[in-house]
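This report concerns only the one structure given below.
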Amino acid sequence: MEQTRFDIQYAALRSAIIEREFESLNDRQREAVFHTEGPLLVLAGAGSGKTTVLIQRIINILRFGRGYSCEFAPETATEDDLFFLREYLRHPTEQDRMRAELLCAVQPARPWQILAITFTNKAAKEIQQRLEHAVGEEFARDIWASTFHSACVRILRRNCEAIGYDRSFTIYDADDQKRVLTAIIKNKKLDDRVFDVRAVAGIIGRAKDNLQTPRKFALEAGDDYYQSTIAEIYKDYARQLKESNAMDFDDIIMKTVQLLQGNPEILEHYQHQFRYVLADEYQDTNHAQYVLISLLAGGYENICVVGDDDQSIYKFRGATITNILEFEQQYTHAKTIRLEQNYRSTQNILNAANELIRNNACRKGKELWTDNGNGTKIRFHRSETQEGEAEYIAETILDGFSEGNRWGDYAILYRNHVLSNNIESACKRNSIPYRIVSGLRFFDRAEVKDMLAYLWVILNPADDLRLKRIINVPARKIGNKTVETASILAEQHQTTLFDIVSHASEYPELGRASAALEKFANLIFDLQKMLEYMPLDEFYEQVMAHTGYLAALEAKGDYESQGRIENTMELKSNIAEYAERAQTPTLGGFLEEVSLFTDIDRMDADADAVVMMTMHSAKGLEFPNVFLVGMEEGIFPGFRAVEKDEDLEEERRLCYVAVTRAKKQLYLTCAERRMMYGRTQYSKPSRFLEEHPKDFVDSNIMETKREALEKQDLQLNPKFYSKRAHDISGNIHKHNKATAAKNQASIKAIDLKPGDQVDHKAFGHGMITSCRPMGGDILLEVSFDRVGTKRLMAKSAMNFMTKQ
DNA sequence: AATCCGGTTCTTTTT
DNA sequence: GAACCGGATT
């Protein structure tokens, strides 16, 4: 076919009109949006509008198809159309828009032909919602915007019979997985210190990430004792899961790949269906996910991967940065687009990030820039102790609050959770509202898992694993011994544990316990009956009541149980919310959803509070003011990561991620000594601080830093160090002196008594209602006019408070 | 079945 | 230092 003059005119008008639709994007972004056909790699720096591009690209594909990239006019096109488009471009009106759009569209995709794959539910949901907003709910509903896991589960539920699974397979989480493995290791009479469950689970998980079957793994292990034993465990584990018709998270991906590879007709079906495949956070994909994407996109090869090699921080979970680095080799005709304009941070912050990441050898290379202006310099603070560090942070936040910042404008990020302890107490002391994004997620909490286990068992009594979890929770006189005997009986009789339990009296081996067992079985039967005629949330309450779970928690009555009760109630609202949302709510539907769910989703919805979390969890988020704490050698980079360049680079990427979370102000803090693992450690400032550009860091800090560096040789000898510390630490010392003086003054000023009127920098005017001596300090209760009653420790509060 | 004691361990964790 | 686990004790 040859392009005619008509075609050329048409194509020019078409691109002008389409470009108009996406005029809010920058050139690079637009380029990515319009490159719809063929492989595309988008290297999207932090804060460069990656999600926007992903979404706009989908919108473009839905509305205009390959319109922009098409050089030919539609066969039905007439001179009239050309005229219309020209007029529309001159005077675009809302009435004409639809027709113009239709004339510009070439093979627009149907929603279900688009697969947009992400790692988190949150990201999937965001894409879904923004698309709903843009193209309407009905349209957006059919787009496959989902996580790797939910997309795979969806494929598996349809087709898993082809690989010998029942459609109703259950999903084992990390905890279930560990239980099974522990049992296997015990069963094999292996030393559980040599074969640590966590390590074994990790190795098996990595094997699955690499698509290694137990057989392949055994082959590779050869006669190496450790490896070949793990191969044995892996084999047993796989067999056991298969028998229970269960898959773990890694299976979900691996089995999908196996399904597609082993069944050409199924593969073809999906390859044909997915005309456009988009993958987010591509730098975090593992080998299995890479193969999966390649398979699914194998039909049209309209594959767009978006990611940032500099933000790859999940190697320890099997992610291989190779996938993104070698994309251009995999698809030789791939187009690569770099998004380097940053819309989030100030240039100072970006300079720091650029300088830092430049120290990495293994990267594609990118340089972030912004037209947001330079902003304020990065601030560095080194305190003597971890308490000092925490206090500095609290003071800084209080200062900021009194200047009009909101608590939620602050985030405190750390390398690992333990570092949050002191900061948490400093926040408590200073009445700073804070929220810790904890390592333990809602759905991992014991009480939540217990209740979910009940629901699973009610739905599917054959679920031995979960039955074992709750059969004696709360205690109902069914001891471990009894459960063990019953399990053995189940194995002997080739039946399920529940089957034995429900017919306990037929087995003399169970002796006196059989009454309790049958009682339990009847409980489950009763609940099953209730499920048939009750709304889900009401049913859940019945489960709480009849199992005695709620009563047991209430009976304990301590503070911890109170929290647990709240958590189980929270689960109830989850169920209620699901029941309302789903078209045909079922218990199974809810459990399925929950098993692929984490609770990061509700992170942002909550009240105004300082957020504390690990640097890992901060990925993808942004905050006006960010503290990076514990910037010390041995902590960040961690002592494990300094040996191998590869690990150090990942650590540096983590630092890059952390730095680029800040929009306006970045604070870097560290302490000279810190209590860790029960001993006091002296550490030098992190090398990552050195790698920040000097000119962009607050100047008095640089002095501090130089002094800190001078100390480095000394600190190998702690005695010498402590002797000299006072003489050489000029700036730090001065600062601490000042703080000390302030504290002295404030302790003197503690002649406070109830009834005194005070002015607080952040909370305003108030009256002291009580004073209680506490650990060399005084706990004040102050009733503030504006913010109500607060409890403050006098020493630190006096830095912000004056007596009238 | 609950509690206590001692020993052990201590990155990060999107599903 | 704290949290968690397993074994022993009550």
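Side-chain atoms are counted along with the backbone in the values below, which use heavy atoms only and exclude waters and symmetry mates. Chain identifiers are assigned alphabetically (A, B, ...) following the order of the sequence lines, protein sequences preceding nucleic acid strands; residue numbering begins at 1 within each chain.
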Donor-acceptor pair, distance only, cut-off 3.5 Å: does the side chain of A:R344 make one with the backbone of A:T660? yes

Side-chain donor/acceptor of A:R415 to backbone N/O of A:I635, under 3.5 Å: no

OP1 or OP2 of B:dT13 under 4.0 Å from side-chain N/O of A:T614: yes

Can you see if the side chain of A:N472 gets near the phosphate of B:dA1 - specifically, an N or O under 4.0 Å from OP1 or OP2? yes

Taking for each residue the nucleotide of DNA chain B bearing the nearest heavy atom, is the 5' side occupied by A:A475 or by A:S150? A:A475

If I pick the C1' atom on B:dT12 and the same atom on C:dC5, what distance separates them, to the nearest angstrom? 23 Å

Could you check whether A:F639 gets within reach of a base, just the sugar-phosphate, or nothing at all, counting any heavy atom under 4.0 Å? nothing

Just label B:dT11 as syn or anti from its O4'-C1'-N9-C4 or O4'-C1'-N1-C2 angle, using within 90° of 0 for syn. syn

Classify the ring geometry of A:Y226 against A:F195: parallel below 30°, tilted from 30° to 60°, perpendicular beyond 60°. parallel

Testing B:dT14, B:dT12, B:dC10 for proximity to the side chain of A:F316, the answer is B:dT12

Would you indicate which nucleotide in B:dT13, B:dT8, B:dC10 comes nearest to any side-chain atom of A:Y677? B:dC10

Spacing of A:L419 atom CG relative to C:dG1 atom C1', expressed in whole Å: 13 Å

A:N421 CG to B:dC10 P, in whole Å, measures 18 Å

Distance, rounded to the nearest Å, where A:Q386 contributes CD and C:dG1 contributes P: 11 Å

Protein-nucleotide distance (A:R179, atom CZ; C:dC5, atom C1'), rounded to Å: 14 Å

How long is the line joining CE of A:M612 and C1' of B:dT12, in whole Å? 17 Å

Presence of A:S617 side-chain N/O under 4.0 Å of B:dT12 phosphate oxygens OP1/OP2: no

Does a side chain donor of either A:Q128 or A:E126 reach within less than 3.5 Å of an acceptor in the other side chain? no

Dump the intermediate steps for side-chain hydrogen bond (donor to acceptor under 3.5 Å, both in side chains) on A:N360 and A:Y656, then the final yes or no. CA-CA 11 Å; A:N360 270 9; A:Y656 174 82; over 6 Å; no

Let me know the distance between CG of A:D250 and P of B:dT14, rounded to the nearest Å. 13 Å

Quick one: label A:E651 by what it contacts on the DNA or RNA (base, sugar-phosphate, nothing), any heavy atom closer than 4.0 Å. base

I need the CE-P distance between A:M615 and B:dT13, as an integer number of Å. 12 Å

Looking at A:R158, I'd like to know if its CZ atom is crowded, meaning that more than 12 non-hydrogen atoms belonging to other residues, nucleotides or ligands lie closer than 6.0 Å. no

Quote, to the nearest angstrom, the C1' distance that separates C:dA3 from B:dT14. 26 Å

Quote, to the nearest angstrom, the P distance that separates B:dT13 from C:dC4. 16 Å

Rounding to an integer number of Å, can you tell me how far A:I635 CD1 sits from B:dT12 P? 12 Å

So what does A:D284 touch, heavy atoms closer than 4.0 Å: a base, only the sugar-phosphate, or nothing? base

Does A:H417 place a side-chain N or O at less than 4.0 Å from the phosphate oxygens OP1/OP2 of C:dA2? no

